[in-house]
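All residue numbers in this chain count up from 1 along the given sequence.
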Amino acid sequence: MSEGFFFPRSLYILNQFKEVTLAMTSSNDKKQPRLEYLREKAAALPRSPGVYIMHNAAGKVIYVGKSRSLRDRVSQYFHGTHDRKTEKMASSVHDFRFVTCTTEMEALALENSLIKQYTPKYNIKLKDAKAYPYLKITIRDQYPRIKVTRKRTADGSLYFGPYSSLQTVYSVLASLERTLGIPTCKKNFPEDIEKGRPCVLSQIGRCIGLCTGKVSETEYREIIERAAVILRGGTHETITALTEKMNRAAEELEFEEAARCRDSIAALRKLGERQKAVGSPDVECDVIGLHLATFENTDVTFHDCASVFYIRSGYISDSEHFLFGTDEILPNEGAFEEEDSPLSAFISSLYQSREYIPHEILLSFELPDHEIDLLTEYISKKAEHRVTIRTPKRGAGRYLCDMAVEDAKNHSENTRKRETNTEKMLANLASLLCLEVFPTRIEAYDISNLGSEHITAGMITVLDGKFKKSDYRTFKIKNQDGPDDYAAMTQVLSRRLAHIAEAKEGDPLAEYPDLILLDGGKGHVAVVTELLSSRGFDIPVFGMVKDDHHKTRTVTTAEDEVNIARHPDVFKFIYGIQEEVHRYTVGQMTHAKRKTLTTSTLENIKGIGPKKAKKLLGHFSSMKALKGASVAELSEVEGISSTDAEEIYRYFRNPNSF
C-alpha cells in the first residue's frame, strides 16, 4: 500500500482550498476591532471536521490545525485564557482560512500536507523525510546487496528505516555484515565470481567469500533474507532458526555449516549486548515519552522534548529526540481531554515515512479517545496491520514510558545548558572584541591553492554558535595569474558584499554578518577593512593568527592583537572556526583538483572525450562507483553507447592493456 493511501480527496482539497474561504473575509469593516471580527468569523464556521489555516498581518501562515468541529475549536483561540505559547500565537492572528473535510481522517491527512507545505512558525515540525537515511536491499537483483540511501524509489527494492542518523544506519549495516558475513566489497556479482584472489576478510572468516564461487546463489539469498528478518526486528526469531539449523547440521555431520551457524548466533547475541535491554525477547513496540518544560524563569529558554524509543526483540534498536521550539504549540499537562491535540499531527507525521511500524505504540501521555481512535486507524492503514496505541498505567509498559520521559527531560536540560553556555561564550567574545552587537551570525574565510592552480576561497557560517553547513560557500578565484592572498580575499569579499547589496529574497548570502573572521593576519584584515569602508559597510573584521605549529595563537585587527588564551571557551570556539574553515577550503580545492585529474583519466579511454567524461562523473556519485559499475549501468548514462560502456568496463579492470 502506498504512502498516499487515502490522500486523493485531500489533495484535491489542497489544490482548491485557496478558493474555499468564508464570504465575510472580503467584506471586513476596517473599523471593526480585529478580535471582534475574528470571533464573529469563527462563530460562523460549520460544526464539521476540517482544517484551519491562521495567518498574520503580512499574510504568512503561522499555524495550521485540524478539528472534528471547526466552529468549536477555532472559537476557543479568541475566548478565555490560554498557555503562553497559544496566547502568543492567537494574538498574532490577523485572519484565517478553513477547509471542510468529510472525515477526521481526511482532516488529519490534509493537516500534515499543509504543515509540510507552509512550515508554520507555531506548528510542531519534523525533519524532512528526505533527510533520513534508509537501508536498501536490492532484492530483485540476482545477488542482492545492502546499501545506505537517502532516496526511496519504486524500484522493487526493500527499504528499512528511516534511521535517526547516518551513524546509526552504518552501525546497523556493519553489524549485519559482521554477523552474517555479507560481502562489503564493490565487486559485481555474478560477473566477478572466481575472478581474482579473495580478500582478506574472506580469509579470516569475516566474509562468506561469495567471490570464490563456493557459495551458491540460493545460500546467499537465504543470508540476505535473514538480514531482512533482522532489520524487521526479528533477532530472536533468527537466533532460534539458526540454532535449529546448527543442531540439524551437527546431526548430519556437516560441521562447517554448524560452525557458521554457531558464529552467527554468537554475533547476533553480541549485537544485542551492545544495545540496551529493556524487556524480554518478544517485546516489540515504539515508546513516545513527552517532557513539557516549565517556565519559572522567563529569561531562560526552555525546550519541550519528545523521546522515541524503537524497541525490537527486547532491545532499544534506535532512538530519536525531537526538541520543540519556544514557539511550537504543545498542550499543557491535563489539557488533552477537551481539545484536538497538536500531538496527533506530530505522531502521524512521525510514522508517515517509516517502512516498518510495530503492532504497539506506547504513549507517556493521554490523548482524547477520539484522537486515539483516529490515530489508530490512520497508522494501521499505513502499517497494513492493526496497530494498538495506548497509555499504560502500570507494569512494564509504564516503566518504558517513564524511561522515555526521563530521557526526554535529560535531553531538554542538556540542550538548555549547552545553549546557555554558548550564549555566555558569545557574550564574552563580544566583550573581548568590543563588538557593538551580539555576534549571532559569524562568517569565516580562507584561501587555498596548489601553486597558481585551483585558487579557491571557502566561507563557513556560524549561526548562534553552531556551524550552519547549508550556508557554506565556495568561491573560485577568477582572473588571477598567480597566488595572491590579499587580491583573492578582496575579490571574495567583493562578491560576498554584492549579495548583501542586491538583497534577493531567499538568498542566504543576503544576510548581514555580525562578525567576519579571516584565516590570516593584519595584512588580510587591512585590505578587507578598506574594502568594507569603501562600500559603506560597517562590519567588524578580525584575523585568526596561527603560531609556528599552525595552531590558533590570537585574533588581530589591522593594528593590534587581542589575546584570547585566558578565555578557554572563546579560545576553543575560535580554534574550532579556524580549523573548520581551513578543512572546508582545502577540501573544496582538493576536490576541484581531483575532478580535473579524474576527467583527464577518463579521456584516456577510447571514445571518451571531455563531454562524455563530465556526464559520467555527473551520473555516478564517485569515481569508486564509476569503477565498480557494470556494462549495463554504464550504458544507462546519457550519451554513452554500449561500445563506450564496454571500453570503460575493460579499462578499469585492466588499464595496463590500453
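- Using a distance-only test at 3.5 Å, with no hydrogens or angles considered, no donor-acceptor pair links the side chain of K60 to the main chain of P120.
- Using a 4.5 Å cut-off on side-chain heavy atoms (C-beta onward), Y118 and N123 make no contact.
- Residues I115 and S349 form no side-chain contact, since every pair of their non-hydrogen atoms from C-beta on lies 4.5 Å or further apart.
- Under a 3.5 Å cut-off, the side chain of S412 and the backbone N or O of A408 do not form any donor-acceptor pair.
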Checklist entry - Given the rule in the side-chain contact (heavy atoms from CB on, under 4.5 Å) test, do L70 and T100 qualify, once you have shown the distances and angles that lead to the verdict? => result CA-CA 8 Å; L70 283 170; T100 58; 4.1 Å; yes
Checklist entry - Checking side-chain contact (heavy atoms from CB on, under 4.5 Å) for the pair V93/F78: CA distance, chi angles, key distance, verdict? => result CA-CA 10 Å; V93 175; F78 311 118; 4.2 Å; yes
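- Looking at D407 and S307, their side chains do bring a donor and an acceptor atom within 3.5 Å of each other.
- In this structure, NE2 on H370 lies 5.0 Å from CD on E104, to the nearest 0.5 angstrom.
- Minimum interatomic distance between A42 and R71 (heavy atoms only, all atoms of both residues): O-CG, 3.4 Å.
- Judged by distance alone, with hydrogens and angles left aside, the side-chain atoms of R398 form a donor-acceptor pair with the main-chain N or O of P392 at under 3.5 Å.
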Item to check | Stepwise side-chain contact (heavy atoms from CB on, under 4.5 Å) test for K41 and F96 | outcome: CA-CA 9 Å; K41 184 173 180 177; F96 63 85; 3.4 Å; yes
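- Partner S364 forms a side-chain contact (heavy atoms from CB on, under 4.5 Å) with one of D402, V287, L290 and no other, that one being L290.
- Under the 3.5 Å distance criterion, the side-chain polar atoms of E371 are left unmatched by any main-chain donor or acceptor of L367.
- The two atoms that bring F365 and T391 nearest to each other are O-OG1, 2.6 Å, heavy atoms only.
- A donor-acceptor contact shorter than 3.5 Å is absent between the side chain of R441 and the backbone of D464.
- Residue F467 comes nearest to G576 through the heavy atom pair CZ-O, 3.7 Å, listed as atom of the first residue, atom of the second, then distance.
- Side chains of Y170 and V148 form a contact here, defined as non-hydrogen atoms less than 4.5 Å apart.
- Between the side chains of D95 and Y37, at least one donor-acceptor pair of N or O atoms lies under 3.5 Å.
- Using modelled atom types, one finds a donor on one side chain and an acceptor on the other under 3.5 Å when comparing Y77 with Y52.
- One N or O on the side chain of S380 and one on the backbone of V387 form a donor-acceptor pair closer than 3.5 Å.
- Classification of R221 and E225 as a salt-bridged pair fails, no side-chain N sitting under 4.0 Å from a carboxylate O.
- Judged by the 6.0 Å distance and 45° axis criteria, K88 is not positioned over the aromatic ring of Y122.
- At a cut-off of 3.5 Å, with distance as the only test, no side-chain donor of Y378 or D373 sits close to an acceptor on the other residue.
- Residues S348 and N112 bring a donor and an acceptor atom of their side chains to less than 3.5 Å of each other.
- Remark: the Y472 side chain and the E580 side chain contain an N/O donor-acceptor pair separated by less than 3.5 Å.
- Under the 4.0 Å criterion applied to side-chain N and carboxylate O atoms, D155 and K136 are assigned as salt-bridge partners.
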Next on the checklist: One pair to check against side-chain contact (heavy atoms from CB on, under 4.5 Å): K469 and T461. What are the steps and the verdict?
Outcome noted: CA-CA 7 Å; K469 295 191 176 182; T461 303; over 6 Å; no
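- Across every non-hydrogen atom of M54 and M89, the tightest pair is CG-SD, 4.4 Å.
- Looking at T138, its side chain never comes within 3.5 Å of a backbone N or O of D141 through a donor-acceptor pair.
- At least one side-chain heavy atom of K66 sits less than 4.5 Å from a side-chain heavy atom of L374.
- Closest non-hydrogen pair, F98 versus P46, comes out as CE1-CD, 4.1 Å.
- Side-chain N or O atoms of D286 include none that pairs as donor or acceptor with a backbone N or O of I361 at under 3.5 Å.
- Side-chain contact check for L38 versus V74: every heavy-atom pair is 4.5 Å or farther apart.
- At distances below 3.5 Å, not a single donor-acceptor pair connects side-chain atoms of R145 with backbone N or O atoms of I137.
- Residues A383 and I357 share a closest heavy-atom pair of CB-CB, 3.8 Å.
- No donor-acceptor pair closer than 3.5 Å links the side chain of T422 to the backbone N or O of G465.
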